[in-house]
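Comments concern the structure below.
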Amino acid sequence: MDLPLACAIADLIIDSGAKQLAIFGGEPTIWPHLSDFNSYINNRVSSTIVTNGLRFLSDEFLDTYKKTV
């Protein structure tokens, strides 16, 4: 999914009153737009990521992710 589509879907969900988004499907940490998407929804809704966590073993990935949530 490209970033504009993900943001449009998030807008629909948030505008309908949702308080939390769950990000899952395949392995979301390999989605190239994850950080940008997190920055887009930050301070608008809380989010949960469902992942096997493998990429979080990388300090660089973890640090980047933390800056966007």
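Hydrogens, waters and symmetry mates are skipped; everything else that's a heavy atom, side chains included, is used.
Taking 4.5 Å as the limit, every side-chain heavy atom of S58 sits out of range of all side-chain heavy atoms of L62.
In this structure L5 satisfies the side-chain contact (heavy atoms from CB on, under 4.5 Å) test together with M1, D2, I9, sequence neighbours excluded. In this view, Y40 satisfies the ring pair (Phe, Tyr, Trp, His ring centres under 6.0 Å) rule with no residue, not counting sequence neighbours. In terms of the side-chain contact (heavy atoms from CB on, under 4.5 Å) criterion, residue partners of S39 (sequence neighbours excluded) are, by chain and number, T68.
When the side chains of ILVMFWY residues are joined at heavy-atom separations under 4.5 Å, either directly or via intervening members, L3 and V69 end up in a single hydrophobic cluster. In this structure, L54 is not a member of the same hydrophobic cluster as L34, with clusters built from ILVMFWY side-chain heavy atoms closer than 4.5 Å.
Here CZ of F61 is found 4.5 Å from CZ of F56. Values are rounded to the nearest 0.5 Å. Put simply, CD1 on I14 and SG on C7 are 9.0 Å apart, with the number rounded to the nearest 0.5 Å. To the nearest 0.5 Å, atom OG of residue S47 and atom CD1 of residue I41 are 4.0 Å apart. The OG1 atom of T51 lies 14.0 Å from the CH2 atom of W31; values are rounded to the nearest 0.5 Å.
For L57, the CG atom is densely surrounded, since the number of other residues' heavy atoms within 6.0 Å is greater than 12.
Annotation: salt bridge (Lys or Arg N to Asp or Glu O under 4.0 Å) contacts involving residues 22-51, sequence neighbours excluded, comprise D11-R44. The list of salt bridge (Lys or Arg N to Asp or Glu O under 4.0 Å) pairs with a residue in residues 56-69, not counting sequence neighbours, is empty.
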Side-chain donor-acceptor pairs of residues 15-26 under 3.5 Å, sequence neighbours excluded:
from: S16; atom 1: OG; to: I13; atom 2: O; distance (Å): 2.7
from: Q20; atom 1: NE2; to: T48; atom 2: OG1; distance (Å): 2.5

